[in-house]
2 protein chains.
Amino acid sequence: MTIYDIAKEAGVSASTVSRVINNRPGIKKSTREKIESILKVYNFSVSEAARGLVNQTNRMIGILVSDIRNQHHTEGAYMIERHFMKKGYCSLILNAGDSDESMAECVRILSSRRVDAVVLIGSVFQNRCVMNAITDYMPSTPIIFQNGIFNLPNVSSVVSAEDEGTAEAVKYLYSTGRKHIVYINGADTPSNRKKAAGYSNAAAELQLDEILYNTDGTAKNSADVTEMALAEHPEADAIIYATDLLAVGASRRILDDGKKIPEDIAIIGTDNSPFSTLANPRLSSIDTKLFELSEACSSILEKTLLNPGYTENAVIAPALVLRETTSQ
Amino acid sequence: MTIYDIAKEAGVSASTVSRVINNRPGIKKSTREKIESILKVYNFSVSEAARGLVNQTNRMIGILVSDIRNQHHTEGAYMIERHFMKKGYCSLILNAGDSDESMAECVRILSSRRVDAVVLIGSVFQNRCVMNAITDYMPSTPIIFQNGIFNLPNVSSVVSAEDEGTAEAVKYLYSTGRKHIVYINGADTPSNRKKAAGYSNAAAELQLDEILYNTDGTAKNSADVTEMALAEHPEADAIIYATDLLAVGASRRILDDGKKIPEDIAIIGTDNSPFSTLANPRLSSIDTKLFELSEACSSILEKTLLNPGYTENAVIAPALVLRETTSQ
DNA sequence: CTGAAAGCGCTTACAG
DNA sequence: CTGAAAGCGCTTACAG
């Protein structure tokens with residue numbers, strides 16, 4: 001069923017049908033009504049693909065996340081999708097995977113789909129492979145990078161000052177008397193490196209020993225690494241984790257090993273995710289302002305769509321949220 | 001940059017360029033190589049929209065979830081997206097919202113986008129509004145319904161036998177000596193009604209009192225309702241929750257009220273989600289086999305795409321996973 | 001082995 | 001107020 005079928009049925013030309021579909025003025029009322037009723041009878045819906053071809057915009061925005069099952073990436077995708085669906089855009093959401101190559105391939109796919117804009121969610125996209133794919137395949141498509149930066153004329157960015165958030169957590173713990181603060185990092189990503197840098201800076205500033213461990217990002221590994229860290233550093237009296245998941249995974253192990261939280265060991269997670277309030281004990285956490293980050297992306301994207309060439313870089317400050325795993 | 005620009009640059013016709021792009025045989029080797037090199041120089045990528053217009057397939061599959069931030073819906077979307085991206089399909093993932101009307105509107109949007117298939121994830125789509133939208137706008141587009149059923153010729157379905165899973169949980173608790181088993185339900189959805197029915201049937205079969213409470217689906221409300229239930233039914237010795245989130249939200253309150261889990265109150269959640277292992281105490285849960293459900297959807301979708309008109313209905317049996325909130 | 005032409009389903013100047 | 005025509009970027013019979 002095309003616009004021509006409707007036209008034939010109504011005894012008019014396709015142009016006229018197109019005009020009523022697009023609410024163009026200057027159509028005789030009776031003609032418009034007749035066409036509208038036929039449109040309704042057939043439940044006609046215009047092909048957006050054909051329309052996109054002539055209008056030079058498919059009204060689609062591409063969203064890249066490494067894994068859509070990760071709640072943390074989903075917030076931004078949700079906000080973008082909801083907001084722009086209202087404006088007639090559809091979202092192509094791709095799971096870009098872990099490898100630089102698969103991420104770059106996704107950029108190529110989105111370029112083939114001729115999306116009007118793309119949003120990259122997560123610092124993992126900050127690598128040369130993706131950057132090259134952008135300059136090769138989307139040198140002028142508006143791109144918004146959530147929690148990452150590309151020094152490219154067509155990409156805006158909104159980042160969380162995670163280093164500062166982590167430093168603030170260190171200083172807070174120090175102010176409550178903790179002097180042996182461990183940092184347990186997540187998977188190796190630009191974001192986590194930045195958090196660790198914040199930890200190191202604060203430790204240096206306060207002249208504390210730097211006790212830093214890495215994990216693969218899973219709850220299980222976090223528990224194991226924590227156990228090892230506490231064995232190697234019996235003096236430890238606080239641990240900051242790069243994510244809430246790591247903190248929750250480990251805290252049960254700490255309790256099982258007979259230590260009290262927060263009396264013996266204070267704990268702070270990162271992200272202020274749903275896990276933090278559901279955890280038992282409830283987890284203090286560095287709020288990296290995911291919601292604000294996502295909102296900022298959405299608002300920059302909107303400006304960019306309205307005003308081609310518009311670009312913006314924003315930084316959002318984290319905040320410490322205290323619950324039961326820290327004592328004042 | 002179009003295929004014509006490439007053609008001009010190569011001194012051939014667009015047809016020839018199209019043929020090498022599509023790897024058609026019968027092109028002189030030197031011609032092919034020349035075109036390929038030019039394609040590479042310009043990082044040319046074909047417009048899938050234009051291609052879709054002539055091929056009568058946009059190679060897109062539409063995925064409807066009520067809210068992409070809900071981990072529970074995201075598993076299926078992930079699997080479909082990943083699997084079909086490899087085959088050249090892109091996924092249009094829409095947040096369909098809570099109202100029947102917004103869900104139906106999403107069906108209309110997907111029809112406008114001329115997707116090759118759609119997958120509905122979640123029992124909430126099982127309503128007349130959506131059903132009408134399907135018969136009106138996509139009477140013959142292949143549709144896979146995860147955890148719901150439409151008696152329509154173009155829709156396949158894969159459902160979890162949640163009623164049986166819940167009944168099994170009741171019977172298990174009974175077998176361990178619990179005689180006053182409460183059921184705390186989630187938001188009012190077909191899926192949750194089915195779970196509650198399973199509870200009621202089992203309770204009747206075992207001649208137990210039916211103690212059933214409703215919540216709005218949030219952790220906070222679950223804690224409040226649980227407190228009320230235990231006040232009204234001090235004899236209660238076990239609670240089954242319609243989701244893990246409800247169970248985790250409430251268990252902390254139960255502990256705070258001075259009861260022991262599982263000694264005083266045994267607890268079983270539903271979905272065997274990540275929450276269940278992260279919870280403290282670790283939560284016993286009815287595994288509704290989300291992964292298998294999603295896999296089945298993906299495999300049916302694949303068969304449907306290959307074999308138009310193919311349809312299938314599958315039922316997957318849940319299983320009880322015991323952890324620390326139940327005693328044997 | 002290659003090209004000219006028609007067509008996929010639309011929209012929009014241009015005429016009338 | 002309405003229609004014929006051209007064009008958006010492709011692909012594919014049909015000829016040669």
Side-chain angles (χ1 to χ4, degrees), chain A residues 1-36 38-39 42-60 88 90 108-116 137 141, chain B residues 1-36 38-39 42-60 88 90 108-116 137 141:
Chain A
M1 170 115 320
T2 73
I3 228 173
Y4 281 90
D5 301 311
I6 302 292
K8 187 183 298 174
E9 188 87 8
V12 299
S13 75
S15 327
T16 305
V17 176
S18 173
R19 289 190 186 100
V20 348
I21 287 175
N22 292 289
N23 261 306
R24 296 276 180 275
I27 300 281
K28 209 202 300 174
K29 199 174 174 219
S30 63
T31 312
R32 159 162 282 141
E33 282 166 355
K34 179 171 196 184
I35 293 175
E36 272 168 351
I38 295 176
L39 251 16
Y42 289 101
N43 293 305
F44 181 79
S45 68
V46 234
S47 162
E48 289 296 337
R51 196 179 232 181
L53 205 56
V54 9
N55 290 340
Q56 296 287 53
T57 156
N58 285 310
R59 297 206 140 239
M60 293 206 297
C90 269
R108 211 194 50 67
I109 290 175
L110 289 181
S111 118
S112 227
R113 295 289 174 168
R114 302 290 190 268
V115 294
D116 296 298
Y137 294 104
T141 305
Chain B
M1 170 114 321
T2 74
I3 227 173
Y4 281 91
D5 301 310
I6 302 291
K8 187 182 297 174
E9 189 87 9
V12 298
S13 75
S15 326
T16 304
V17 176
S18 173
R19 288 190 186 101
V20 349
I21 288 175
N22 291 288
N23 260 307
R24 296 278 181 274
I27 300 280
K28 209 201 300 174
K29 198 170 173 223
S30 63
T31 312
R32 160 162 281 141
E33 282 166 354
K34 178 173 196 181
I35 293 174
E36 273 169 349
I38 295 176
L39 249 19
Y42 290 102
N43 292 306
F44 181 80
S45 69
V46 235
S47 163
E48 289 296 337
R51 198 179 230 180
L53 204 56
V54 9
N55 290 340
Q56 295 286 53
T57 156
N58 285 310
R59 298 206 138 239
M60 293 207 297
C90 270
R108 211 195 50 67
I109 290 175
L110 290 181
S111 118
S112 227
R113 296 287 174 168
R114 302 289 190 267
V115 294
D116 296 298
Y137 294 104
T141 305

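Within every chain, numbering begins at 1; the chains are lettered A, B, ... in the order of the sequence lines, protein sequences first and strands thereafter. The figures that follow rest on heavy atoms only: side chains count, while hydrogens, waters and symmetry mates do not.
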*Which pair of non-hydrogen atoms, one from A:S13 and one from A:A7, has the smallest distance, and what is that distance?*
C-CB, 3.7 Å
*Tell me what B:Q56 touches on the nucleic acid: a base, only sugar-phosphate, or nothing, going by heavy atoms under 4.0 Å.*
sugar-phosphate
*Test B:N58 against B:R113 for side chain to side chain contact (heavy atoms under 4.5 Å, CB included), laying out the working first.*
CA-CA 8 Å; B:N58 285 310; B:R113 296 287 174 168; over 6 Å; no
*Can you list the stems that DNA chain D is part of, where a stem is at least 3 pairs in a row, each Watson-Crick or G-U, with both distances below 3.5 Å?*
C:1-3 with D:14-16, C:5-12 with D:5-12, C:14-16 with D:1-3
*Residue closer to the 5' end of DNA chain C, B:L53 versus B:S30 (nearest nucleotide)*: B:S30
*asked:* Near DNA chain C, counting only heavy atoms under 4.0 Å, which residues of residues 13-21 of chain B show up?
replied: B:S13, B:S15, B:T16, B:R19
_At 4.0 Å (heavy atoms only), tell me whether A:R32 reaches a base, stays on the sugar-phosphate, or touches nothing._
nothing
*With a 4.0 angstrom cut-off to heavy atoms of chain A, pull out the first and last contacting nucleotide of DNA chain D, in 5'-to-3' order.*
D:dC1 to D:dC10
*asked:* For B:R114 and B:T141, which I'm curious about, is there any donor-acceptor pair between the side chains at under 3.5 Å?
replied: no
*Toward the 5' end of DNA chain D, which comes first, A:Y4 or A:T31, by nearest nucleotide?*
A:T31
*Any side-chain heavy atom of B:I6 sitting closer than 4.5 Å to one from B:M1?*
yes
*Do A:N22 and A:R51 pass the side chain to side chain contact (heavy atoms under 4.5 Å, CB included) test, and can you show the C-alpha distance, the side-chain angles, and the key distance before you say yes or no?*
CA-CA 11 Å; A:N22 292 289; A:R51 196 179 232 181; 2.8 Å; yes
*Can you tell if the side chain of A:L39 reaches within under 4.5 Å of the side chain of A:V20, non-hydrogen atoms only?*
yes
*Do B:D5 and B:T2 come close enough that some side-chain heavy atom pair is under 4.5 Å?*
yes
*Take B:I21 and B:F44 through the side chain to side chain contact (heavy atoms under 4.5 Å, CB included) test and state the conclusion after the steps.*
CA-CA 10 Å; B:I21 288 175; B:F44 181 80; 3.7 Å; yes
_What's the separation between atom CD in B:Q56 and atom CG in B:L53, rounded to the nearest 0.5 Å?_
7.0 Å
*Could you tell me the separation between the CD1 atom of A:I109 and the SG atom of B:C90, rounded to the nearest 0.5 Å?*
6.0 Å
